[in-house]
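Atoms within each ligand, like the ligands themselves, are counted from 1 in listed order.
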Amino acid sequence: MKAPAFAYVKPRSLAETFDLLERHGEGARLLAGGQSLMAALNLRLDAPRILIDLNGLDELSGIRVDRDSITIGALTRHRIVERSTDVSRYLPLIHQAMPYVAHAAIRNRGTFGGSIAFADAAAELPACCVALDARFVIRGRNGERQVAARGFFKGWYETDLRPGEVLVSGEFARLGDDYRYSFQELARRHGDYATVGVAACARMAGDVLDDVRIAFCGMGATPRLAIAAAKALEGRAKPHLDVSTAQALLEQDLAPFDDLYQTAATKMHLARVLLGRALARIAVPHED
Ligand SMILES: Cc1cc2nc3c(=O)[nH]c(=O)nc-3n(C[C@H](O)[C@H](O)[C@H](O)COP(=O)(O)OP(=O)(O)OC[C@H]3O[C@@H](n4cnc5c(N)ncnc54)[C@H](O)[C@@H]3O)c2cc1C
């Protein structure tokens with residue numbers, strides 16, 4: 001199938017983008033890498049009157065390291081994020097997750113912001129952003145606002161973005177060298193969205209786990225923080241890590257649905273397995 005006919009425009013500034021969004025309202029869609037949007041149009045799941053192509057807006061691209069934070073521009077391609085030495089050094093969780101995001105050809109065009117705005121519940125980057133407690137910078141005609149990743153994802157493909165707004169970037173705090181990270185995923189085939197994925201990190205204060213953050217993808221309508229499981233691990237010394245209690249507590253944290261391929265019970269089992277793998281890796285780190 002081919003997409004329904006649409007008009008196309010490539011603005012040269014964010015101000016022009018806001019004008020276009022205001023003028024065309026509900027009939028407009030922003031185009032970033034097109035890897036999800038064009039598939040939706042070709043399947044006729046959506047029929048916008050006009051696509052507003054963000055690819056002329058260089059200000060939305062790039063990775064910046066500041067004293068206390070790292071910023072990934074919305075238009076930064078997955079491939080750039082995957083290969084960035086700044087990301088591997090300061091955001092190892094995202095560095096570990098990138099090879100799981102689709103295939104190389106899709107990563108060449110797909111963008112960080114497209115993945116966040118599209119908000120597929122099985123996508124890797126939203127779960128990483130939730131685990132890392134990122135903030136999203138959003139701009140509209142009337143100014144800029146910041147939204148915590150933990151409040152941004154509202155439901156299936158639903159986010160806090162309002163009509164007329166553009167996601168500009170994601171900002172991450174620079175965590176200390178004593179943090180450890182693990183991204184684990186199971187998918188039916190390499191490059192597929194996660195059946196279940198887990199993004200986990202924790203500070204290792206000597207032998208003791210602290211600031212434990214665990215977020216899952218594929219386990220509900222949005223990325224899910226595993227709060228009870230993380231709490232059970234807080235303050236535990238490595239030799240006394242009670243992995244099975246944390247695994248059991250996932251029942252409280254997660255609300256998976258049956259889907260075409262897996263029952264909710266199977267997903268819960270896989271989530272426990274992945275949490276066990278992630279904790280093993282955090283407690284006994286390997287070189288990437
Ligand atoms: C075969 C296949 C397999 C895939 N597998 C995976 C996978 O395993 N994991 C995964 O995470 N993804 C996967 N993807 C999706 C891929 O990561 C996409 O790149 C991503 O979901 C969308 O990014 P994009 O830049 O292509 O956005 P687009 O397709 O251009 O846009 C997607 C949506 O986001 C909106 N949008 C884009 N940028 C902005 C912005 N800056 N501000 C506001 N709204 C914006 C658009 O209007 C549109 O609604 C897969 C895609 C395909 C085709």
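- At least one donor-acceptor pair under 3.5 Å links the side chain of E165 to the backbone N or O of R162.
- Evaluated by nearest non-hydrogen atom to atom 32 (C) of ligand 1, the leading choice among Y193, F118, Y157 is F118.
- Applying the 4.0 Å criterion to heavy atoms of G33 picks out, from ligand 1, the atoms 24 (P), 25 (O), 26 (O), 27 (O), 30 (O).
- Between R77 and E82 there is no salt bridge, since no side-chain N of the basic residue sits under 4.0 Å from a carboxylate O of the acidic one.
- The N/O atoms of A123, backbone and side chain alike, include none that comes under 3.5 Å of an N/O atom in ligand 1.
- By the 30° and 60° cut-offs, the orientation of the rings of Y100 relative to F183 is tilted.
- Heavy-atom contacts of L167 reach the following atoms of ligand 1: 40 (C), 41 (N), 42 (N), 43 (C) (cutoff under 4.0 Å).
- For a threshold of 3.5 Å applied to N or O pairs, the pair formed by T111 and ligand 1 contains at least one separation below that value.
- Between G110 and ligand 1, no pair of N/O atoms sits closer than 3.5 Å.
- Each of the following atoms of ligand 1 lies closer than 4.0 Å to a heavy atom of S115: 11 (O), 20 (C), 21 (O), 22 (C), 23 (O).
- Residue A32 places at least one N or O, backbone or side chain, under 3.5 Å from an N or O of ligand 1.
- Atom numbering of ligand 1 starts at 1 in the shown order; those under 4.0 Å from a heavy atom of A74 are 41 (N).
- For S69 (side chain) and E171 (main-chain N/O), no donor-acceptor pair under 3.5 Å exists by modelled atom type.
- The single protein non-hydrogen atom nearest to atom 27 (O) of ligand 1 is G114 CA, 3.5 Å, given as residue, atom name and distance.
- Those atoms of ligand 1 with a heavy atom of E124 less than 4.0 angstrom away are 7 (C), 8 (O), 9 (N), 10 (C), 11 (O).
- Residue R29 has no N or O atom closer than 3.5 Å to an N or O atom of ligand 1.
- Closest protein heavy atom to atom 53 (C) of ligand 1: Q35 O, 3.4 Å.
- The closest protein non-hydrogen atom to atom 44 (N) of ligand 1 is A117 CB, 3.4 Å.
- Residue R109 places no N or O, backbone or side chain, under 3.5 Å from any N or O of ligand 1.
- Of the N or O atoms in L37, one or more lie within a sub-3.5 Å distance of an N or O in ligand 1.
- Within the 4.0 Å heavy-atom criterion, the part of L161 lying near ligand 1 is the side chain and not the backbone.
- The backbone N or O of D66 lies less than 3.5 Å from a partner atom in the side chain of R174, making a donor-acceptor pair.
- With R180 contributing its side chain and I282 its backbone, the two residues share a donor-acceptor pair below 3.5 Å.
- Here R107 has no heavy atoms under 4.0 Å from ligand 1, in either its backbone or its side chain.
- When non-hydrogen atoms are compared, ligand 1 lies under 4.0 Å from the backbone of S36 as well as from its side chain.
- In this structure, R188 forms a cation-pi arrangement with Y261, its terminal cationic atom sitting closer than 6.0 Å to the ring centre and no more than 45° off the ring axis.
- Atoms CD1 and OG, from I70 and S84 in turn, are 9.5 Å apart once rounded to the nearest 0.5 Å.
- Ranking the protein heavy atoms by distance from atom 2 (C) of ligand 1 puts I106 CD1, 3.2 Å first.
- Proximity of a side-chain donor or acceptor of D178 to a complementary backbone N or O of R203 within less than 3.5 Å is not detected.
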For residues 111-121, which side-chain donor-acceptor pairs fall under 3.5 Å, sequence neighbours excluded?
unit_1	atom_1	unit_2	atom_2	d
T111	OG1	G114	N	2.9
D120	OD1	A122	N	2.9
D120	OD2	Y157	OH	3.0

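- At distances below 3.5 Å, at least one donor-acceptor pair connects side-chain atoms of R29 with backbone N or O atoms of E26.
- The N/O atoms of L30, backbone and side chain alike, include one that comes under 3.5 Å of an N/O atom in ligand 1.
- Taking CG from L233 and CG from D211, the interatomic distance works out to 12.5 Å, rounded to the nearest 0.5 Å.
- With hydrogens and angles ignored, the 3.5 Å screen pairs no side-chain donor or acceptor of R236 with any backbone N or O of L241.
- The backbone N or O of D253 sits less than 3.5 Å from a side-chain atom of R224, completing a donor-acceptor pair.
- Below 4.0 Å from some heavy atom of H78 lie the following atoms of ligand 1, by number and element: 17 (O), 19 (O).
- No side-chain donor-acceptor contact under 3.5 Å links D46 to the backbone of A40.
- Residue contacts with ligand 1 for D192 involve N, CA, C or O but no side-chain atom from C-beta outward (heavy atoms, distance under 4.0 Å).
- Taking distance alone, with nitrogen or oxygen atoms compared against 3.5 Å, E165 stays at or beyond that limit from ligand 1.
- Per-residue contacts place Y100 under 4.0 angstrom from the following atoms of ligand 1 (heavy atoms of the residue considered): 8 (O).
- Nearest to atom 7 (C) of ligand 1 by heavy-atom distance, out of G34, A102, A187, is A102.
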